[in-house]
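One-based numbering, in listed order, for ligands and for the atoms of each.
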Amino acid sequence: MANNNENKKDGGFNFPPVGGGKNIKTPKLNGYWMYIILAAIIIGFQFFNMNPDPVRTTWQEVKTKMLEKGDIEKITVIENKGQAYVYMKPDKIENYSQLKSQGFKNSSPGPQFYFSPGPLETFSSEFSELQEKLPAAADIQIDYDKEYDGWGNLFSILFPIALFVFIWVFFFRRMSKGGGGPGGVFNVGKSQARLFDKDTNIKITFKDVAGLAEAKQEVEEIVSFLKSPDKYTKLGGKIPKGALLVGPPGTGKTLMAKAMAGEANVPFFSMSGSDFVEMFVGVGASRVRDLFKQAKEKAPCIIFIDEIDAIGRARGKNPNMGSNDERENTLNQLLTEMDGFETNSGVIILAATNRADILDSALLRAGRFDRQIYVDLPELKDREEIFKVHLKPLKLAGDVDIPFLAKQTPGFSGADIANVSNEAALIAARKDKNEVEKQDFLDAIDRIVGGLENRSKVIKVSEKKAIAYHEAGHATVSWLLEHAHPLLKVTIVPRGKALGAAWYLPQERQITTKDQLLDQMCSVLGGRAAEELTFGQISTGAQNDLERATKQAYAMVTIFGMSEKIGNLSYYDSTGQSDFSFTKPYSEKTAELIDSEVKTLVEDAYNRAKELLKTHQEQHHQVAELLLEREVIFSDDLERILGKRPWKDEEEAEESKPTTETETETETNP
Ligand code: ATP
């Protein structure tokens, strides 16, 4: 079943950060501004200090041209760099074309030239000789100096430090989930909860949550505990500390919590289990502490932890495995906090998960999550209600019948129904319709269950024939079996990964009998049986069928105790806390027996399917040929070829009772 609900994207909370609407943002002079100002100062300094660089020359040229003419004012020898700078007399600068082209003016401060003086002793004795010989050089002063490149040195020291600080801050921010808030790095241990209070405008109310009457009632009761605790405590009762919403994905747990936030007039902290998880040791526990501290300050209030299995998973028995220490510390802290505060302190914890089976039993015990609220897949009536909510914004044609749509969607979650409604509107828009029609909804359901229709797939004629006989095999066998699910339609139009499919509308069953399971297995194997009987050879097309039949047979033998040889034993561990994944709870001999029992079950079902097809060979071929001709056939066509089924559908038999459906299945031919 496809669960790709677009609406899930907005399933999460969009509450403002703690502090809600009161948090008026004021511009702050944070670290980034400091960097920008510093960079601006450096650039400005460089810009205004635009003295042209000195021009390179040689000692020979200095001697023969500049000294002789008396153009030099002074020479500074930089001892540690082996360089000498030449400062010219201002009025002589214009005599040198290379200085002019470098941008020197009469007023420009020196040095104008630099050269390499060679060994200093030789240079100074040579210069003294020159001063004696040349009268123009006599009064030139010569300085000896040392020079340090201040900026360069500072840069070489500061750069690694700056780099280190940058990397540190960067990683801390990333690790603390973007750490956008003020204080960044130092907020790692602070709770990431979002707060909703009366200042925050949440528009979702219990009216937006369709169906789920019991769950809604429980949640409403929690709100009333907080609003008027005296009503409950005056008789000596204690207010529950926590409630756990449990149910399959997309059934509206988060939606319910959102509605609660919208309706309860108390502060509502919301966070996801994964918000506690961090790679630093102790951060999870510190966040739990901080969350409860904040909550106690705002009591009475509600804390909502979505997907609590991220931290609440059962603690391992083997501490040497070590890898989950941090998660376990977080869980321990949560356990302590939940049992640590006074019962009537007015903080109620609401959590949601779809894996209650893997949660730690200490978390589930009374006194922590006192109540477990089951949010199950919606039943027929609930589906109608959910359709009503999601069809409200759509422009519907007169032929759209909500009870019919609810009947066509057994096993769909609220999220799937939201998706069907949206998908139908998109399909109608694609066809340029002004209203969404019934057929658009049917197409949307097909698309969600089976994937996108793929008519352009190139399929050889012989392959198409094989697919048609395979699907006709499923259809014929299931038509002839009492307990197989009622057939809706058979198609050989490729959809998603499947090349063809037989669509059923399964009935709601709270319990399934062995005969029902065997009949289902037989109809699942009908496709392969048809291939073998018709073409004398089998293909890979039945892989999905075989996988399902095998899994079902193993479940019958090892979980439901439906094998006579194994007896009434079940090796299933619903608590999820045993180590069965490493060791089997049965002996090698039993394992062999299980394998042989499974094989017998599947073989028997297969032979039964073959028998049925042999005795109804002509009808099977007619169904297949009709399928080849039309590509899609419906139950009416099968009734014409195979006759009316002698059994009453369970649904018809129980029409007066409200029905709840389980799962829509397709027998696909990948
Ligand atoms: P998960 O366990 O995967 O987080 P969930 O149970 O929290 O799933 P939600 O996020 O509450 O599921 O539901 C997803 C969407 O499905 C909702 O935004 C809503 O559009 C739709 N939906 C689910 N249940 C209902 C309902 N009872 N009434 C109306 N809409 C529903």
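The proximity of E307 to ligand 1, defined as any non-hydrogen pair under 4.0 Å, is limited to the side chain. Under 4.0 angstrom from ligand 1, the non-hydrogen atoms of H390 all belong to its side chain. Looking at I417 against ligand 1, nothing comes within 4.0 Å, counting heavy atoms.
Short contacts between ligand 1 and D208, defined as distances under 4.0 Å to a heavy atom of the residue, involve ligand atoms 28 (N), 29 (C). In the vicinity of L255, heavy-atom distances shorter than 4.0 Å reach the ligand 1 atoms 11 (O), 25 (C), 26 (C), 28 (N), 29 (C), 30 (N), 31 (C). Residue contact check: G414 has heavy atoms under 4.0 Å from atoms 16 (O), 21 (C), 22 (N), 23 (C), 24 (N) of ligand 1.
Contact annotation: G250 has at least one heavy atom less than 4.0 Å from an atom of ligand 1. By the 4.0 Å heavy-atom criterion, D382 is excluded from the residues contacting ligand 1.
In summary, R430 and D443 do not engage in a salt bridge, as defined by a charged side-chain N under 4.0 Å from a carboxylate O. Taking 4.0 Å as the cut-off between side-chain N and carboxylate O, D440 and K433 count as a salt-bridged pair. Between R447 and E423 a salt bridge is recorded (basic side-chain N to carboxylate O distance below 4.0 Å).
Of the N or O atoms in A210, one or more lie within a sub-3.5 Å distance of an N or O in ligand 1. Ligand 1 has no N or O atom lying under 3.5 Å from any N or O atom of D306, backbone or side chain. At under 3.5 Å, not a single nitrogen or oxygen of I386, backbone or side chain, sits near a nitrogen or oxygen of ligand 1. When only interatomic distances are considered, the shortest N/O to N/O separation between P249 and ligand 1 does not fall below 3.5 Å. Between G252 and ligand 1, at least one pair of N/O atoms sits closer than 3.5 Å.
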**OP:** Could you go through the side-chain hydrogen bond (donor to acceptor under 3.5 Å, both in side chains) check for Q372 and Y374 one step at a time?
**Re:** CA-CA 6 Å; Q372 291 198 17; Y374 285 95; 3.2 Å; yes

Subject >> Test log, rule side-chain hydrogen bond (donor to acceptor under 3.5 Å, both in side chains), inputs E547 and Q543 >> reply: CA-CA 6 Å; E547 186 185 330; Q543 178 265 332; 3.0 Å; yes

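With D290 as reference, Q294 is the one residue of Q294, R287, K293 to meet the side-chain hydrogen bond (donor to acceptor under 3.5 Å, both in side chains) rule.
Heavy-atom neighbours of E435 CD from other residues, nucleotides or ligands within 6.0 Å: above the threshold of 12.
Both the sub-6.0 Å distance and the 45° axial angle are not jointly satisfied by K241 relative to the ring of F369.
Shortest non-hydrogen contact noted between D309 and T353 is OD1-OG1, 2.7 Å.
Between atom 1 (P) of ligand 1 and the options N354, N422, N419, V389, the minimum heavy-atom separation is to N354.
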